[in-house]
Each structure stands twice: as structure tokens, then as C-alpha cells.
Protein chains: 2
Amino acid sequence: MPRPPSASKPATLHDVARAAGVSLITASRALGNPAVVSAKTIARVQDAVQATGYIPNLLAGGLKSKRSRMVAGIVPALAVAQFLPSVQTLTETLAAEGYQVLLGQTGYDLAREEVVLNTMISRQPDGIVFTGLVQDPAVRERLRRTGIPVVETWDLSDAPVDMLVGFSQDSVGRAVGTYFRAKGWQRVGIATAGDPRALLRKAGFEAAYGCAVPTASVAAPSNLERGRQALAELLARQPGLQAVCCSSDQLAQGVLVEAQARGLRVPQDLAVCGFGNADFAAHLWPSLSTVLIDGPAIGRLAAQLVLARCRGEAVAQPIVDVGFRIVERGSTA
Amino acid sequence: MPRPPSASKPATLHDVARAAGVSLITASRALGNPAVVSAKTIARVQDAVQATGYIPNLLAGGLKSKRSRMVAGIVPALAVAQFLPSVQTLTETLAAEGYQVLLGQTGYDLAREEVVLNTMISRQPDGIVFTGLVQDPAVRERLRRTGIPVVETWDLSDAPVDMLVGFSQDSVGRAVGTYFRAKGWQRVGIATAGDPRALLRKAGFEAAYGCAVPTASVAAPSNLERGRQALAELLARQPGLQAVCCSSDQLAQGVLVEAQARGLRVPQDLAVCGFGNADFAAHLWPSLSTVLIDGPAIGRLAAQLVLARCRGEAVAQPIVDVGFRIVERGSTA
DNA sequence: CTGTTAGCGCTTTCAG
DNA sequence: CTGAAAGCGCTAACAG
């Protein structure tokens, strides 16, 4: 029987069971594990669901079953465009399996990492997908002890907390450095947001050059404005600057704009390389050379690793290197 | 007594209470409502928390208390840069009060709105913050009946589901149209992603002109590439094009780049106006005129409305118009 | 295939 | 200020 239009408390499974004339647990199974229930009963229960307007309470189900069907997704900050394709695909892939993402932001603050992680753990997530590597060893250890599947992303490590989907930041830096040297550029500069992964790329780049490289550091998150500032700073310090390696495409775009504003031709007067292959990189004028990272793949793979663990499947490859690729475009051609 | 380093099941409040030599409920109060517990007891309980490594189970707490301390945040897609500052600030503001955001993506798909909302409701959120207005009247009504505080955002309506933080899309369109006309531009075009809100702005713009305006529609989410395509399309249809009104700064940036690639000077040959005041708008070259929307304010206000409701406070102003402002920069100066 | 029983971990009564 | 009892809504385990 349909319930009155308002006021009354939301229907519980108990109400559904009564309306369907079956026991509580049969109603539960009809909805959650229909394979073991007769077709007729399922139909009756589903009618009762319609009639009562029942919406399950996953908090209660999760408490008993110990599966919350939530996955914590932790990023430095949502506004860092870099990670969005990953988080979007992570969310979509999980949603298709009935899992939701609980969002956490560390603000690039190591002290907050622990707080955010503990907050997330208190919600009993079935998995944790972390952007970057968890820095504090004590936190890593405690995280491991929870037994919650953890996927660190966007970096590489021999000893992740649990699982990992990423690539070698150092290799990226070396590859770009090698590429720059092959181009014959001697007077080069780095524009970087200075987050842990960007610093690893800087180190790799310098390793390729075999020496320290003039660097303009800007605050994270990087954006176009800071890219403009970075180029201004680099030009002031290194007048004959030939090429700039940037820690993000946003920063690179700022370098491009500043070069344009100063009447520098790209790439003739100044070459520029970004990082990330943001959606706009290919379509700038000149188009932006960059390092392609498959962000959606990171999100999808992280989701799949978590889901596999949730299903109790063995994970053959707990460490996935998604690699990277230098995409040469107009800004360095 | 500290528990062995691994394997053992996570400590519950029961373990804490035993370690502290108090009853379960006293331990609960010491952590959740310390005002009614003696200082000595609180200290004992906190020591026990340390010793046991206790992390509360908010699923269990939420089940009994009917306060999950989660808020559903629903966006068309995370990768729509437009909404990120709102979601970021929403998440931060809520986190400061111990609330987490559960992420939902509708993919600009009306059919998914209902599915996503029901999924969220099943997690018993203490509030729902929805980007845009919920479209389906039946869904609106059912949402209202749940009694969950709902904040619709980024639009205006006399009859929101519950609460609202936004601005009038129509007014934005009219204001930009009026501005364009005052500049004397007759041969104008619109580049739009065609989402519901962008269409309202288009209608407002055309109302200001008193006639239909040539429009290039691109798929959402809008980005630089589609902005370039849009300008190409508009130029093909309207050779003497003087000015373009874009539904996002990303699109406007594409128009800027395409103009540059074609040797059109901005604003002399072609004026361009964006929407949103993205972080890069002020720093492009030429700088991009746009409509400033205070995204962080929308997120913060939405969070505050939800929090007020959670505390049982009366909300004096359930409809907040955050307004907008045309920012004139180089691209229309 | 269906039902009964028990209880997830916590917080709300209601009593001291 | 502290405690005992009850139970949030659901599902695992075991029985029929």
C-alpha cells in the first residue's frame, strides 16, 4: 500500500518485506542477491519497493557487511587540473560498480595527509586512492595495518603502501633533459611548482644536463599567471635563454603568453615544453610540446585494482607503470 | 595495554572504554561531547585512544545518530573547470566542520540525475549540493520529501527544491548583450556548449539584441579546441563578424587562439568575451574580458547553508543571489 | 528457496 | 557527571 505523500518516516526494508508478504531477509536477498531467490518473490519485492518508495540505507548495510562501497579519493587540491581526468575516470569506473568516491584534499600539506587519511578511514572506505606517495613512514605503516586496499598514484616506488599506478618522475625529467640536449639547447631554464613530484622531474632533468639548471619556483597550484612570472624571472637571470622546461602545461602556457607579450618568437627565440598534455596543449598557437600522461588510465586502473581487491581476487600486478611519452609539437619543433 | 602490531581487529570504542576503565558510553561522550565529562575521565579516555590506536567508525555512529556527516556534491563532470573552485571550497568548508563530500557526476545526462541522486540518498547524506537546478519535477518532489537539506547552485529559481545559491543566467546574457550593443557591435556571434545554463545566457543575450544571433554549438564540456572550431564555424557563416560571446573562458580562449592563428587582431578585428573568470583569463594576451562569477563563494555559502540546517538553525535566506560582474579587459577594450 | 537469530559499532533515551 | 539498556537498518550465518 502506498504511503501518504509526506511526513512519514522513510520506508525501511522491514516495510518492504511486510508489503511483499515475505521475511526481512528474503527482501534483502531479493534486492542484493537475487540469484538465490525465486523470480516470483523478486517481482513481489520489487513491487513493494515501488509502492513504499524504498531507498536502501547503505550505512546500515555497510555496518553489517563491512563493505561501505565507498572509496576515498585524495588529491592535493581539486583545482589542480592535472589530476582531474584521473579523478573523473576513477569516479566513473567505480560508480559503474556501485561504489562512490569520498573526496579528500590535502592542500599539498604533509601534516594534513595524516588528518585526511584518518578522517577517511573513519568512514570505513573499501579502498583509498591517493595522489602521489604517502610521505610519512609512520602513516604508511598505520595505513598498511588497516588492511584497506590502498593505491598510490602518479609516482613510482619499489615499496608502495599496497598498490601503485604511476610512472617514474625521474625518468620523465631525464627524458625531457635528454630531448633538450639533443636539440642543442645550452641555456635552459626550469619553471616548476615545486611539489614533490615536480622536484623529482627537475632532478632528472638536471641529471641529464649534468649540472644545476636555473630554476624559477612558483607556488602550487601552478597556473598561467605564475608561468608568466616564471619566464620573467628566468629571463632576468639568464638573458640568452633558449628553452624552458615547465612542470605543468598551465605553467607552460603562461611562458608562451609571456613570450608572446615580449615579442619573443616560439620556438625560434624560445622553446617551451610542458607536462601533462592538458586538453588545450595541442591547440595552442604554437601548439605546446609536452609530456603525455594518461590520466584517465591511472584513474581506471586504480579503480580496477581496488575493485579486484574488494572482490577478493588476487592482484597479479600490484605495481603498474603507465609510462609517459614526449609529444613534440610547435613549441619545440 | 597496546595491542600487538598487526593482524588483530581494529580497536572499537569498547576496547577504548575497557582500557580507560570506564563504560562504553562514557568513552563515547568523552570523544563526542566532552563538555559533559570530567577532565580526568577525558584524559584517561584519550590515553586509551592512543594506546589502542582507535579510529572511530562513523558508519556505526551515523546509523544510530542519523547524522552521517557526509554531504553529496554533484557536478556534471569533474573535468568541467568552471565548477572546480566551488567544489574545492565546498569540500574545504565542510571538512573544517568534520563533514566529507561524496562525489557524484551526472555527465550532463538528465536521466543520470535521478540515478545519481538516489545513489547518494542511499548513503544518508546530511546534505546535497547540486550543480544547477534539478530538472525532473518528479525527482524534485521526491528529493524534497526526503527532508535532506538540498542546495541547488549556479542558477536562480523562485521555487528551488529547498535552498539555492546562484545567479540569474538570463541576466548574465542580457548584461553581456547590452554591453556588446553599447560597443556598437552589430555582427555578433555566440559560441556555446549548449548546457541548460549556457542556453539561458544565450536567450538573454539574444533578448538584448532583440533577435536570434548566429550560434556555434559545441559539445560539453567546452575546451580550447572546441572554441577554435566554434570561431571557424562562426566566421564561415558570418564573414564580417565583429564580436563573439562565449559560454566559458575555455571556449573564449580557443576563439582567441583561432583568431591569432588566422591573423585577426583582438579586439580590433574581433572582440571576445568569456564567462567565469577562470584563473587564466586576466593573464592571457590580450587579457580576456569575461563575466566574473564568485565560484568559491558559491561553494562556501552552500556549505554554510547545509551546516546551518544540520545544526537545526533556521535559515533566514534560503535563496542567495551571488550576482556577477562583467570584467572588461583587453579582448573587448 | 526461505526463515530465524544474532549482532555490526555506535549513540540515544532514561536512570542513577 | 556516569551508567545500563535498547536499538539504528541491515546482512552473515545457520537452520529448515
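In what follows, chains carry the letters A, B, and so on, assigned in the order in which the sequence lines appear, proteins first and then strands, with residues in each chain numbered from 1. This one's a predicted model, so the numbers in the text were calculated from it and none came from an experiment.
B:Leu24 places its CG atom 10 Å from the P atom of D:dA4, with the value rounded to the nearest Å. Between the CZ atom of A:Arg18 and the P atom of D:dG9 there is a distance of 13 Å, rounded to whole Å. Atom CD1 of A:Ile25 and atom P of D:dG9 are 16 Å apart (whole Å). For A:Asp15 and D:dC10, the CG to C1' distance is 13 Å, given to the nearest whole Å. Between the NZ atom of B:Lys66 and the C1' atom of D:dG7 there is a distance of 10 Å, rounded to whole Å. Rounded to whole Å, atom P of D:dG7 lies 12 Å from atom NZ of A:Lys9.
The backbone N or O of B:Ile74 lies less than 3.5 Å from a partner atom in the side chain of B:Thr131, making a donor-acceptor pair. Formation of a donor-acceptor pair under 3.5 Å by the B:Gln317 side chain with backbone atoms of B:Val315 is not found in this model. A donor-acceptor pair is defined here as one N or O able to donate and one able to accept, closer than 3.5 Å; such a pair exists between the side chain of B:Arg123 and the backbone of A:Ser68.
If you check the side chains of B:Gln50 and B:Gln46, you find no donor sitting under 3.5 Å from an acceptor.
Contact check for A:Val80 versus A:Tyr108: side-chain heavy atoms found under the 4.5 Å cut-off. A:Arg69 places none of its side-chain heavy atoms less than 4.5 Å from the side chain of B:Ser122. Using a 4.5 Å cut-off on side-chain heavy atoms (C-beta onward), A:Leu305 and A:Pro149 make no contact. A heavy-atom distance below 4.5 Å is not found between the side chains of B:Leu301 and B:Thr153. Taking 4.5 Å as the limit, every side-chain heavy atom of A:Glu113 sits out of range of all side-chain heavy atoms of A:Val139.
Neither OP1 nor OP2 of D:dT2 sits under 4.0 Å from any side-chain N or O of B:Thr26.
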Pairs under 3.5 Å (N/O, protein and nucleotides 14-16 of chain D):
none

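A salt bridge does not link B:Arg44 with B:Asp47: none of the charged nitrogens is closer than 4.0 Å to a carboxylate oxygen.
As judged by a 4.0 angstrom heavy-atom cut-off over every strand, B:Val37 is placed among residues touching the sugar-phosphate backbone only.
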Residues 54-63 of chain A, side-chain donor-acceptor partners within the protein, below 3.5 Å, at least two apart:
unit_1	atom_1	unit_2	atom_2	d
A:Asn57	OD1	A:Leu59	N	2.9
A:Asn57	OD1	A:Ala60	N	3.1

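Along DNA chain C, the stretch of nucleotides lying under 4.0 Å from any heavy atom of chain B spans, 5' to 3', C:dG9 to C:dT12.
A side-chain contact (heavy atoms from CB on, under 4.5 Å) with B:Leu31 is found for exactly one of B:Thr26, B:Val37, B:Val49, namely B:Val49.
The rotation axes computed at either terminus of the helix from C:dC1-D:dG16 to C:dG16-D:dC1 lie 30° apart, taking five pairs at each end and rounding to 10 degrees.
Of the residues in residues 56-65 of chain B, B:Leu63, B:Lys64 come within less than 4.0 Å of DNA chain D through at least one heavy atom, sorted by number.
Here B:Arg142 pairs with B:Glu114 under the side chain to side chain donor-acceptor pair (under 3.5 Å) rule; sequence neighbours left out.
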